[in-house]
Structures are given as C-alpha cells and as structure tokens.
Engineer: 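Dropping the structure in here first, questions after.
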Amino acid sequence: MKTLIKKYIIPVTLLVAITAQATAQRKRTVNEKTVVKTTTTRTTVSKRVPSTKVTYKTPKKKVVSVRTIPNRTVIKHRGTNYYYANNKFYTQSRGRYIVIAPKVGFRIHVLPPNYKRVRFKNHNYYTAQGIFYVQVNNEYEVVEPEVGTVVYELPSDYEKVNLDGQTYYEYANVLYEKVQVNGTRAYEVVGIIDMD
C-alpha cells in the first residue's frame, strides 16, 4: 500500500497541483492586461486667426529693454536689422534693444541649446523655446508650424487666450490646445494669430 501511494498517488497529486497552478498563472496574466483609451474633444480653429478675435487673459506685459547685447548677430530681414543673442531675438528702438518673437524667415547658423526635433507629416521641425525652425542648407529658418503639430512643453512665458469661448495657449503668435498623447500632456498647434 505504501509503495502504491509512493508510486502513483503522490506523483498524480503533484502533477494535478502543478497543472492547476500553471493554469491559474496563465489566467492571471491574461486578466492583468489593461487597455487605456483616451478620448479628446477637439475644437476646430481655422489656421489663420485675426488678432482682433483673440482676448488675452492676463494684462499686457511690461516691455523690458536692455542697452547693449553682448555677442550679438545681426539678422537682415526685409531691409530691417534685427539682432540675435542669448537665444533671443531683438529689435532696436530709441537706442535700446527689446526682445521680440522672431519673424518668419529669420535665419540663424546654429540652433539654440536644448532644441528638440519634431516630425510631422514628413517635415522635420526643430523647436527651441517655442520657436519652430527648418533646416535650409547650412542655416535654420524660422517657420510657422503646421496645424496638428504636437509639442510636449511650452516656454514658461506662454499666455492663455480666449477665442470663441475656448481657452488656448499662445506663444510667438502660435495657438496651442492642451491634449493628451498616450497619457502624457501635450500641446497641439491649432492656429496662427494674424498680426496684420
């Protein structure tokens, strides 16, 4: 009887226990799969938005000017001199230099530090501090991003704006809408503010 138990019953019991445990483990892994679905409501904004339709939520910022710009580079654009230094663009007014958003068409030789590459519809953009560039020969030209382009951060001095009852984010005349991409906060370009 002892040999019967040793030869047949114990091995069969172990086999049943191992099989049940393996089946339980397989079922557990199947049940642990989680699918996250994010639904985003999109508001349509036409690509070009007149500046008269945009309302800024914060009062006008105080314009800060400096007397000199060390190591500046002169950028000629449509017959006017602009200046580039410390990863910022300047214009001159009354002997002082004022930080401005760069005009489309400005060209620089070296991208600012901490730039990021953004790919959208077979276009390679480089973005740094909210400004979009494309490579043209050996230079980088300031461009307007296409509607739908997504970035994961905005410069700290972006502004909240109101357009047709919706809140958007604006930097350098580009309108962004906050979206979720794979569970991460991002900002999608939804329009360009026409300043003319």
Engineer: Just jot down the side-chain contact (heavy atoms from CB on, under 4.5 Å) partners of Val104, sequence neighbours excluded, or say none.
Structural biologist: Glu144
Engineer: Write down the atom of Phe120, the atom of Gly148, and the distance for their closest heavy-atom approach.
Structural biologist: CE1-O, 3.3 Å
Engineer: Restricting to side-chain contact (heavy atoms from CB on, under 4.5 Å), what partner residues turn up for Ala186, sequence neighbours left out?
Structural biologist: Val150, Tyr152, Val179, Val181
Engineer: Not counting sequence neighbours, which residues clear side chain to side chain donor-acceptor pair (under 3.5 Å) with Arg94? List them please.
Structural biologist: none
Engineer: Test of understanding: with side chain to side chain donor-acceptor pair (under 3.5 Å), list the residues that count as partners of Ser65, not counting sequence neighbours.
Structural biologist: Arg96
Engineer: Kindly indicate, with the supporting measurements, whether the criterion side chain to side chain contact (heavy atoms under 4.5 Å, CB included) is fulfilled by Ile75 and Tyr83.
Structural biologist: CA-CA 6 Å; Ile75 299 172; Tyr83 307 92; over 6 Å; no
Engineer: Which residue in the set Leu154, Val174, Val161 passes side chain to side chain contact (heavy atoms under 4.5 Å, CB included) when paired with Tyr169?
Structural biologist: Leu154
Engineer: Tell me, please, which residues at least two apart from Lys76 pass side-chain contact (heavy atoms from CB on, under 4.5 Å).
Structural biologist: Asn81
Engineer: Linking I/L/V/M/F/W/Y whenever any side-chain heavy atoms sit under 4.5 Å apart, do Tyr82 and Tyr90 land together?
Structural biologist: no
Engineer: Starting from Val74, can I reach Val142 by hopping between I/L/V/M/F/W/Y residues whose side chains sit under 4.5 Å apart?
Structural biologist: no
Engineer: Applying side chain to side chain donor-acceptor pair (under 3.5 Å), can you list everything that pairs with Tyr84, at least two apart in sequence or on another chain?
Structural biologist: Asn87
Engineer: Once salt bridge (charged side-chain N to carboxylate O under 4.0 Å, His left out) is applied, what residue pairs with a partner in residues 84-93 remain, sequence neighbours excluded?
Structural biologist: none
Engineer: Checking Arg185 now: which residues fulfil side-chain contact (heavy atoms from CB on, under 4.5 Å) with it, not counting sequence neighbours?
Structural biologist: Lys178, Gln180, Tyr187
Engineer: Taking only residues at least two apart or on different chains, which pairs with a member in residues 108-117 satisfy salt bridge (charged side-chain N to carboxylate O under 4.0 Å, His left out)?
Structural biologist: none
Engineer: Between side-chain atoms of residues 127-134 and protein atoms elsewhere (two or more places apart, or another chain), which donor-acceptor pairs fall under 3.5 Å?
Structural biologist:
{"residue": "Thr127", "atom": "OG1", "partner": "Ile131", "partner atom": "O", "Å": "3.4"}

Engineer: With side chain to side chain contact (heavy atoms under 4.5 Å, CB included) as the criterion, how do Lys103 and Phe89 come out once you've worked through the C-alpha distance, each side chain's angles and the decisive distance to 0.1 Å?
Structural biologist: CA-CA 9 Å; Lys103 309 268 186 216; Phe89 294 89; over 6 Å; no
Engineer: Can you sort out the partners of His77 under side chain to side chain donor-acceptor pair (under 3.5 Å), two or more places apart, ordered by chain and number?
Structural biologist: none
Engineer: Looking at Arg119, I'd like to know if its CZ atom is crowded, meaning that more than 12 non-hydrogen atoms belonging to other residues, nucleotides or ligands lie closer than 6.0 Å.
Structural biologist: yes
Engineer: Are Ile69 and Phe106 co-members of a hydrophobic cluster defined by side-chain heavy atoms under 4.5 Å apart?
Structural biologist: no
Engineer: Could you please spell out the steps behind the side chain to side chain contact (heavy atoms under 4.5 Å, CB included) verdict for Glu170 and Tyr176?
Structural biologist: CA-CA 6 Å; Glu170 181 268 338; Tyr176 299 90; over 6 Å; no
Engineer: More than 12 heavy atoms of other residues, nucleotides or ligands under 6.0 Å from CD of Glu146: is that the case?
Structural biologist: yes
Engineer: Is the distance from the ring center of Tyr115 to that of Tyr126 below 6.0 Å?
Structural biologist: yes
Engineer: Under 4.5 Å between side-chain heavy atoms, hopping through other hydrophobics if needed: is there a path connecting Val143 to Val136?
Structural biologist: yes
Engineer: Here's a test for you: under side chain to side chain contact (heavy atoms under 4.5 Å, CB included), which of Glu159, Glu177, Lys160 qualifies with Tyr168?
Structural biologist: Glu177
Engineer: Ile108 and Val99: same hydrophobic cluster, using ILVMFWY side-chain contacts below 4.5 Å?
Structural biologist: no
Engineer: Sequence neighbours excluded, which residues qualify as salt bridge (Lys or Arg N to Asp or Glu O under 4.0 Å) partners of Glu141?
Structural biologist: Arg107
